[in-house]
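On a predicted model such as this, the values are computed, not experimentally measured, just so you know. First listed ligand is number 1; within each ligand, the first listed atom is number 1.
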Amino acid sequence: MCIFCKIVNKEIPSKVILEDENFLAFHDINPTRKVHALVIPKAHYNSFEDTPSTIMGNMSDFIREVTKELNVNESGYRMITNIGKDGGQEVSHLHFHIIGGESVGRLVRDKNDL
Ligand code: AMP
């Protein structure tokens, strides 16, 4: 079982931000910004490449609830999903990074951003 499935099953603790039947948002263990959250579907999909569009649609609604909870919905944030080897994905369970709480700069200038 992957590490994020273990977090879903509460076998590994996490700092939960928001949870419903299908999705979970929790704080990244190694934050790169003042706000750094991860949003995942509870069901396991390796990455965006494997995720059905219905899940993606519902996840969009959930993510907007999370950004309100984090109080970055108006100030803005960056949302990133890394995909596969060249995308720098370390955990093979679809997740969106939400970073913000401060200016995150321009992506093209931030070579080390996630
Ligand atoms: P990625 O490189 O896109 O696969 O990102 C994986 C992210 O998961 C990294 O930002 C890690 O800091 C984060 N991470 C790994 N293990 C945990 C954990 N147990 N709890 C919270 N975040 C984690």
Within a distance under 4.0 Å of any heavy atom of [X], pick out the atoms of ligand 1 and give their elements.
X: Leu38; answer: 8 (O), 13 (C), 22 (N)
X: His27; answer: 21 (C)
X: Asn30; answer: 12 (O)
X: Gln89; answer: 4 (O)
X: Phe4; answer: 8 (O)
X: Glu90; answer: 1 (P), 2 (O), 4 (O)
X: His97; answer: 1 (P), 3 (O), 5 (O), 7 (C), 10 (O)

### Task
Determine whether any heavy atom of Gly88 lies closer than 4.0 Å to an atom of ligand 1.
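So Gly88 counts as touching ligand 1.
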
### Message
Under 4.0 Å, counting heavy atoms only: does Lys15 come that close to any atom of ligand 1?
### Response
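Heavy atoms of Lys15 never come under 4.0 Å of ligand 1.
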
Checking the N or O distance criterion of under 3.5 Å, is ligand 1 in contact with [X]?
X: His95; answer: yes
X: Ile7; answer: no
X: Ile29; answer: yes
X: Asn82; answer: yes

Kindly say whether [Y] contributes a backbone atom to a donor-acceptor pair with the side chain of [X] at under 3.5 angstrom?
X: Arg78; Y: Gly105; value: yes
X: Ser47; Y: Leu94; value: no
X: Gln89; Y: Asn46; value: yes

#### Entry: Residue part near ligand 1, for Phe96, under 4.0 Å between non-hydrogen atoms
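None of Phe96 does.
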
### Query
Where does Thr32 meet ligand 1, judged by heavy-atom distances below 4.0 Å: at the side chain, the backbone, both, or neither?
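Thr32 to ligand 1: no contact under 4.0 Å from either part.
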
Are [X] and [Y] connected, step by step, through hydrophobic side chains (Ile, Leu, Val, Met, Phe, Trp, Tyr) whose heavy atoms are closer than 4.5 Å?
X: Phe26; Y: Val91; value: yes
X: Phe48; Y: Leu38; value: no
X: Tyr77; Y: Ile80; value: no
X: Val72; Y: Leu18; value: yes

### Message
Please enumerate all residues that pass side-chain hydrogen bond (donor to acceptor under 3.5 Å, both in side chains) together with Lys6, with sequence neighbours excluded.
### Response
none

### Query
Between His97 and His36, what is the ring plane arrangement, given parallel below 30°, perpendicular above 60°, and tilted in between?
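Aromatic pair His97/His36 classed tilted.
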
### Residue of the set Ile99, Ile63, Thr67 for which side chain to side chain contact (heavy atoms under 4.5 Å, CB included) holds with Met79
Ile63

